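Data first, discussion second: the structure below is written as structure tokens.
Model, not experiment: these values are computed from the prediction.
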Amino acid sequence: MLLIGAYMSAEYSYESAALFNPSIVPHPEAAKVAGASRFLLSLRAVGEGHLSSITFRTGHFDGSHVELDPVSAISTPPRVEPLPGGEADDPGVRLTCGSFPDISSLVIFPVTFRQRHGLEDLRLTRFEEENGYSFYLGTYTAAGGETVRQELLRTTDFQSFELSALRTDVSDTKGIAIFPRRIAGHYAALARLDHESIWLLRSNDLYNWTDGATILRPCFPWEFVQLGNCGSPIELDEGWLVITHGVGPVRNYSLGACLLDKQNPALVLGRSTSPLITTDPKDRDGYVPNVVYSCGALLHERTLLLPYGLADSFVSFATVDVDRLLATLR
């Protein structure tokens with residue numbers, strides 16, 4: 001009976017190999033709890049066969065301490081159906097989860113042919129329209145084996161999701177991060193279209209991006225191989241704060257930052273001349289060695305909470321005073 005049951009269960013351990021590349025946004029149910037910011041964390045989970053899925057955690061941050069909520073012992077995939085009105089050969093999908101008491105029980109698995117090798121590096125942001133209506137957007141990489149492309153996740157409550165492909169020039173790249181509001185009436189995003197520099201994109205349509213220009217190129221040794229954005233820009237009084245990643249010698253990854261003009265993000269007001277976070281000899285070995293990487297940060301008053309993946313294996317947290325950080329930019 002045990003043997004037959006084991007064969008029929010088809011159990012899959014979706015976090016067995018690694019859990020990394022976090023993104024973080026304010027929790028949809030409450031912005032603050034007892035003086036702390038309640039947050040929702042998305043993670044790239046890798047299981048057997050190098051298959052990546054998206055999982056979630058919740059917690060609180062009071063400016064100095066991070067507390068994660070207990071993780072559900074049960075995981076549940078959502079119900080999947082094609083989106084109406086989509087393209088016949090690639091319609092996009094709607095995922096319906098119902099009312100889960102704990103979002104850590106939700107797993108978003110690859111569900112389409114273009115996602116069959118995994119969903120990678122979700123970059124979440126809470127987007128606010130000019131009329132005050134807000135919802136959550138997240139760009140991620142759909143790995144289809146011989147090809148990759150960027151897709152967009154959209155939700156208001158993390159119980160129902162729409163997943164659709166981005167189109168035109170940015171489709172076959174990685175690392176797109178959308179600004180949390182329109183700028184001068186247009187959607188805006190950061191990307192790495194040439195695989196080594198940060199580009200600014202503008203569009204009138206969230207799914208079609210064609211207008212782009214390079215705004216930041218590799219300059220320092222720790223970013224000579226490749227420079228890219230991490231998560232979505234964070235709006236400050238001083239401008240748009242962007243956490244960046246750089247790749248240097250021996251494929252060593254580091255995290256830095258830059259500040260963009262609030263009205264014209266193509267104008268760079270300052271950038272890190274040295275890394276904020278680098279790989280540490282004590283924990284640089286793992287699923288992919290010498291990597292530190294993040295897909296987003298959270299602002300609590302004037303303190304930045306930065307979750308990041310280490311060696312593509314596990315997640316740690318860093319905090320930094322925003323004023324101290326801005327003072328280091330040149």
Side-chain angles (χ1 to χ4, degrees), residues 9-34 36-48 50-62 65-80 93-111 115 118-126 135-141 153-163 231-232 286-287 293-298 300 305-310 312-319:
S9 67
E11 182 179 87
Y12 179 74
S13 183
Y14 56 88
E15 295 181 353
S16 60
L19 193 64
F20 57 104
N21 291 3
S23 182
I24 187 169
V25 289
H27 196 286
E29 292 183 0
K32 298 214 174 186
V33 176
S37 294
R38 190 177 182 200
F39 62 77
L40 184 146
L41 196 73
S42 71
L43 300 138
R44 177 180 170 185
V46 178
E48 303 162 38
H50 190 67
L51 185 67
S52 294
S53 304
I54 296 170
T55 61
F56 300 93
R57 301 287 192 273
T58 57
H60 301 82
F61 176 60
D62 63 5
H65 296 93
V66 175
E67 182 176 347
L68 293 174
D69 298 328
V71 180
S72 173
I74 300 173
S75 296
T76 308
R79 187 173 71 250
V80 182
V93 294
R94 175 179 290 114
L95 310 180
T96 305
C97 310
S99 182
F100 287 170
D102 185 349
I103 197 171
S104 70
S105 64
L106 170 63
V107 185
I108 300 181
F109 288 105
V111 293
Q115 301 170 354
L119 306 176
E120 303 175 358
D121 305 341
L122 178 65
R123 288 166 163 84
L124 285 171
T125 188
R126 184 170 65 182
F135 52 94
Y136 292 86
L137 296 173
T139 52
Y140 60 91
T141 300
L153 175 151
R154 185 168 181 160
T155 184
T156 58
D157 54 10
F158 289 89
Q159 295 180 10
S160 177
F161 304 82
E162 292 183 358
L163 277 59
S232 293
Y287 200 63
Y293 199 85
S294 177
C295 291
L298 180 73
H300 173 82
L305 175 63
L306 176 60
Y308 61 97
L310 276 162
D312 277 9
S313 298
F314 57 96
V315 173
S316 187
F317 291 87
T319 61

Task: Spacing of Arg123 atom CZ and Cys295 atom SG [to the nearest 0.5 Å] - done: 4.0 Å
Task: Spatial distance of atom CG (Leu40) from atom CZ (Phe56) [nearest 0.5 Å] - done: 6.5 Å
Task: Test item: Cys97 and Phe161 side chains (from C-beta on) under 4.5 Å apart, heavy atoms - done: yes
Task: Stepwise salt bridge (Lys or Arg N to Asp or Glu O under 4.0 Å) check, Glu162 with Arg154 - done: CA-CA 5 Å; Glu162 292 183 358; Arg154 185 168 181 160; 5.6 Å; no
Open item on the list: What's the separation between atom CG in Leu119 and atom CD1 in Ile54, rounded to the nearest 0.5 Å?
Closed with: 5.0 Å
Open item on the list: Students often mix this up, so state it plainly: with edges at 30° and 60°, are the rings of Phe20 and Tyr287 parallel, tilted or perpendicular?
Closed with: tilted
Open item on the list: Could you check whether any side-chain N or O of Tyr293 sits under 3.5 Å from a backbone N or O of Asp312, counting only pairs where one atom can act as donor and the other as acceptor?
Closed with: no
Task: Atom pair CG (Leu153) and CG (Leu163), whose distance is rounded to the nearest 0.5 Å - done: 5.0 Å
- [ ] Any chance you could measure Glu29, atom CD, to Thr58, atom OG1, to the nearest 0.5 Å?
- [x] 9.0 Å
Open item on the list: Strictly distance-based, threshold 3.5 Å: is any side-chain N or O of Ser72 a donor or acceptor partner for the main-chain N or O of Ser104?
Closed with: no
Task: Verdict with reasoning, Thr55 to Tyr14, per side-chain hydrogen bond (donor to acceptor under 3.5 Å, both in side chains) - done: CA-CA 9 Å; Thr55 61; Tyr14 56 88; over 6 Å; no
Open item on the list: Tell me if a side-chain donor or acceptor on Ser294 pairs with a main-chain N or O of Pro307 at a distance below 3.5 Å.
Closed with: yes
